[in-house]
Amino acid sequence: MARDTLDSTPITGVAELAATLEAGCKPESDFRIGTEHEKFGFNLSDNSPIPYEGPRGIEAVLTGMEKLLGWERIEDNGLIIGLADPIGGGAISIEPGGQFELSGAPLDNLHQTCRETNCHLAQVREVAEPLGIGFLGLGMTPTWRREDVPVMPKSRYQIMARYMPKVGSLGLDMMFRTSTIQVNLDFSSEADMRRKMQVGIALQPVATAIFANSPFTDGKPNGFRSFRAEVWKDTDNNRSGNLPIAFDPAFGFESYVEWALDVPMYFVKRGTTYYDVTGTTFRAFMNGALKDTVPDGLPNIGDWNNHLSTLFPDVRLKKYLEMRGADGGPWRRICALPALWVGLLYDDGILDQAADMVADWTQEERDGLRNDVPRGGLETRFRNRTVLELAKDMVALSREGLKRRARMSDGGQDERVHLAAVEETLASGMTPADVLLQRYQGAWGGDLARIYKDYAY
């Protein structure tokens, strides 16, 4: 998220909060695709992480991008922390450890989102290379220790960093050493949201396996295909996970609100000041618990929207749905992740088939799949099958969904072309992490410095 919101509209009750989510409903003809990806900046001279400040830091890259793009500057305490496109709706932001993120504009088709990604990466190179900076697409920093990673000057991150060790052992690793690709997709109604949420949560571990790309930590293999996914298992289970309530037949906007109300908050923003309110639930805030802590003492819609942005289930609900299970990766996978989910979720018939595929999975089975995939990847067993077999079924459905899309033609190609990276993974049976480990043990001769050359954007 590029910018924390300020909206002083008072909150009157749960129904009003549910209405903020329901406002996302739109006709299928207005469905759009919003793709986000993060990447690690590093010094080309020695592969070390880049700081925020200085002539060769994140601040310099953001300032250079500001000059190049003419986008609006986003600041925190007078320091640049991001940029917002006032016309297209996209944004650039920085994650806690300096991960450089593009939050793409809501676009009509996958060709546009892939061009957006390629254009952004070219612009970043134009600015960063003269500064001696490169960017790496992986799910986790392969060689940097947590203490080596710089802390970005965003007020919300300071609050989160103090709180994370109280609620999990790996939250700081999540903040400072992981990167992701995600896609944001629309829904037409509460029932459509429910169905997409259920399919998205059930199959999110399968997507995690397909995109698993974080097998190294602290300069050596860590025993996982996606250590990023493993990190999420012990970050803050009050606000993350596969959201069992979503599989209640009556699950809807108010259900999500009721869950979110009981998740402890991070902060409340008034003007430019962030108040640390960790440990206080939003429900308690509504009941007056912060009257002596926060000016005016009662929550508003801006507070609610900010709170929603600090919830981390595998599929997150706002005015759209966020698919959050994939590791960061090379540019082709940045295009492939939205292709996978658009094909699966944006055609009603295909969505019905995907829902049938997972309809009889139990919560215990969903938990087991999510727990086992970080280590097992595509080899993970589920019932009498492997995740590789599940992934092939999932991608076949997605491919058919992309074929059926009305807006499938652009420049002579249909959108199925963007599944190529995923289909190559399934044809080989090797996750991206397996390929990395093979290179590490083979051509690289155990020298992880090679990853900064071979996997840089």
Side-chain angles (χ1 to χ4, degrees), residues 1-5 36-43 48-54 57-62 65 74-83 91-103 124 133 135-182 214 217-218 227-236 238-240 264-267 269 272 274-278 306-312 316 322 324 326-328:
M1 180 178 178
R3 175 183 284 158
D4 294 319
T5 62
E36 304 183 18
H37 80 270
E38 302 162 358
K39 48 205 169 289
F40 301 107
F42 66 95
N43 286 298
S48 62
I50 59 174
Y52 172 79
E53 67 288 334
I58 289 289
E59 181 181 26
V61 177
L62 284 171
M65 293 293 287
I74 302 172
E75 294 185 348
D76 188 332
N77 289 322
L79 298 174
I80 185 171
I81 58 166
L83 300 167
I92 292 170
S93 58
I94 50 175
E95 292 298 301
Q99 302 96 316
F100 206 78
E101 178 177 5
L102 173 68
S103 297
V124 170
I133 294 171
F135 284 90
L136 187 66
L138 287 175
M140 187 161 186
T141 56
T143 60
W144 308 336
R145 299 175 303 168
R146 186 196 295 169
E147 56 266 34
D148 295 332
V149 180
V151 180
M152 296 297 106
K154 290 181 71 169
S155 300
R156 64 149 52 192
Y157 296 157
Q158 297 167 23
I159 293 170
M160 291 173 64
R162 291 193 296 267
Y163 183 66
M164 284 295 182
K166 301 176 183 178
V167 291
S169 67
L170 298 174
L172 294 178
D173 288 298
M174 180 279 292
M175 290 179 64
F176 295 105
R177 297 205 289 178
T178 65
S179 283
T180 185
I181 308 165
Q182 74 176 46
S214 45
T217 308
D218 297 331
F227 193 65
R228 173 190 167 276
E230 181 69 12
V231 162
W232 274 111
K233 288 163 56 179
D234 194 12
T235 288
D236 181 350
N238 286 320
R239 67 184 71 240
S240 58
M265 302 169 66
Y266 285 152
F267 65 87
K269 186 180 182 184
T272 60
Y274 287 76
Y275 293 86
D276 184 338
V277 297
T278 50
N306 289 334
H307 180 55
L308 289 178
S309 77
T310 69
L311 309 179
F312 306 125
R316 180 161 63 186
E322 303 178 353
R324 297 173 44 81
D327 284 3

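Keep in mind that the numbers below use all heavy atoms, side chains included, and drop hydrogens, waters and symmetry copies.
Considering CD of Gln182 and CD of Glu101, their distance stands at 7.0 Å, rounded to 0.5 Å. Taking CE from Met265 and CG from Asp276, the interatomic distance works out to 10.5 Å, rounded to the nearest 0.5 Å. Distance check: Asp327 CG to Thr180 OG1 gives 7.0 Å after rounding to the nearest 0.5 Å. If you take OG1 on Thr310 and CZ on Phe312, they are separated by 6.0 Å, rounding to the nearest 0.5 Å. Between Met175 atom CE and Met160 atom CE the span is 4.5 Å, to the nearest 0.5 Å. Interatomic distance, CG of Leu311 versus OH of Tyr266, reported as 8.5 Å (0.5 Å rounding).
Here the side chains of Phe227 and Asp173 are not in contact, with every heavy-atom distance at 4.5 Å or above. You'll find the side chain of Met164 stays beyond 4.5 Å of the side chain of Pro96, heavy atoms only. Side-chain atoms of Ser240 and Trp232, non-hydrogen and from C-beta on, do get closer than 4.5 Å to each other. Proximity of Leu136 to Pro142: side-chain heavy atoms (C-beta onward) are separated by under 4.5 Å at one or more points. Side-chain atoms of Tyr157 and Val151, non-hydrogen and from C-beta on, never get closer than 4.5 Å to each other. Here the side chains of Val167 and Arg239 are not in contact, with every heavy-atom distance at 4.5 Å or above. Leu172 places a side-chain heavy atom less than 4.5 Å from the side chain of Pro165.
Side-chain atoms of Gln99 come within 3.5 Å of backbone atoms of Thr178 as a donor-acceptor pair (strictly under, hydrogens ignored). Checked by atom type and distance alone, the side chain of Ser155 never pairs as donor or acceptor with a backbone atom of Tyr274 at under 3.5 Å. Judged by distance alone, the side chain of Ser93 and the main-chain N or O of Gly82 form no donor-acceptor pair under 3.5 Å.
Here the closest non-hydrogen pair linking Trp144 and Phe40 is CH2-CB, 4.1 Å. Among all heavy-atom pairs drawn from Leu308 and Arg316, the shortest one is O-CD, 3.6 Å. Nearest heavy-atom pair, Glu95 versus Met152, reported as atom, atom and distance to 0.1 Å: O-CG, 3.2 Å. When every heavy atom of Pro49 is checked against every heavy atom of Asp148, the shortest pair comes out as CG-O, 3.4 Å. In terms of heavy atoms, Lys39 sits closest to Leu102 at NZ-N, 4.1 Å. Contact detail for Arg228 and Arg324: the closest heavy-atom pair is NH2-O, 3.0 Å.
Applying side chain to side chain contact (heavy atoms under 4.5 Å, CB included) to Ile92 and the options Ile74, Ile81, Leu62 leaves one that passes, Leu62.
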message: Show, in sequence, the C-alpha distance, side-chain angles and deciding distance for Phe42 and Ile133, and conclude whether the side chain to side chain contact (heavy atoms under 4.5 Å, CB included) test is met.
response: CA-CA 6 Å; Phe42 66 95; Ile133 294 171; over 6 Å; no
message: Go through it in stages, so that I can follow the logic: the residues are Leu83 and Met65, the test is side chain to side chain contact (heavy atoms under 4.5 Å, CB included), and I'd like the CA-CA distance, side-chain angles, deciding distance and then a yes or no.
response: CA-CA 8 Å; Leu83 300 167; Met65 293 293 287; 3.7 Å; yes
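Salt bridge present: Asp218 and Arg177 bring a charged side-chain N and a carboxylate O closer than 4.0 Å.
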